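All values derive from a computational prediction rather than experimental measurement. As the structure lists them, so they are numbered: ligands from 1, and atoms in each ligand from 1.
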Amino acid sequence: MAEPDSALLSLNTATVRAQWDLPSIIDGCARHNIRGISPWRDQVARAGLKQSASRIRDAGLVLSGYCRGGMFPAVDRESRRAALDDNKRAVDEALTLGAPCLVLVVGGLPKDRDGIIRSKDMHGAREMVRDGIGDLLEYARPAGMPLAIEPLHPMYAADRACVNTMAHANALCDELGTGLGIAVDAYHVWWDPDLQQQIERAGNASPSRLLAYHICDWLVPTTDLLNDRGMMGDGVIDLPLIRSWMEAAGYRGMHEVEIFSADNWWKRDPDDVLMTVRVRHRDAS
Ligand code: ZN
């Protein structure tokens, strides 16, 4: 399999968030010749929206996405309305930053205002997600900001995302129409027996639904549900194979490295992390 194009490497800023603030991450990407970046809202808020947009532009970087909107389900109507309003602000920020899409982590079972899950109604949660995305599309579509559903691994179904497969994300795209696509994160979907077929389905849609591609690796054992992701090459995901499926389906976008790693990569010298990201993108992705 051919090596990935090094110009397509992008850094999800969560990968070095423990060590650096956003301005330092932007400078680090420029220093390590990583041309893509995908910042998180909290980091942008701390660094300032306009300042972040111009710093990214001045460093010669392009966005591969903006993280993130979503979290639609809630126990009461008012909270769902507040979530929608917050998502509209995320769309506005994504536009200011020049992001190609706003990534959606759609939310799990409905929570109350203290963040406690108050329902076991998974079907109802999925209806809230569909309705929430539909409402947000009415705002994002005319603004020209694509929304990218990121299906998460089913271990997050209760608390983060009740869309857990590419098939479910494709079905939502079928139902809700243009302006909606998918962020394919290998960490979340590598295990899916239908993955190749569902990537094809997303790529064959017109326009293509393949809006983003996130990579890292699945460690065995995984010691933490959230913050124990591996560097490419350190785990069991056949990343070159999944990339070949993305490319065969017409995806030409960036390869965004997204690693949450409390006990390993977040403890290392961030310059070493970025050097390793570059090498492993070439050799193990
Ligand atoms: Zn991701």
key: Backbone N/O of V257 and side chain of T15: donor-acceptor pair under 3.5 Å   = yes
query = Between the side chains of W190 and D238, is a donor N or O closer than 3.5 angstrom to an acceptor N or O?
reply = no
message = So, 2.8 Å as the limit: is an N/O/S atom of E256 located closer than that to the Zn ion (ligand 1)?
response = no
key: Minimum side-chain heavy-atom gap H281-P4 below 4.5 Å   = yes
inquiry  = Suppose we only count N/O/S atoms under 2.8 Å; would H214 qualify as near the Zn ion (ligand 1)?
reply    = yes
remark   = Nearest heavy-atom contact between L8 and R252 is CD2-O, 3.9 Å
ask   = In degrees, rounded to 10 degrees, what angle do E258 atom OE1 and E150 atom OE2 make at the Zn ion (ligand 1)?
value = 150°
ask   = What N, O or S atom of D185 is found closest to the Zn ion (ligand 1)?
value = OD2
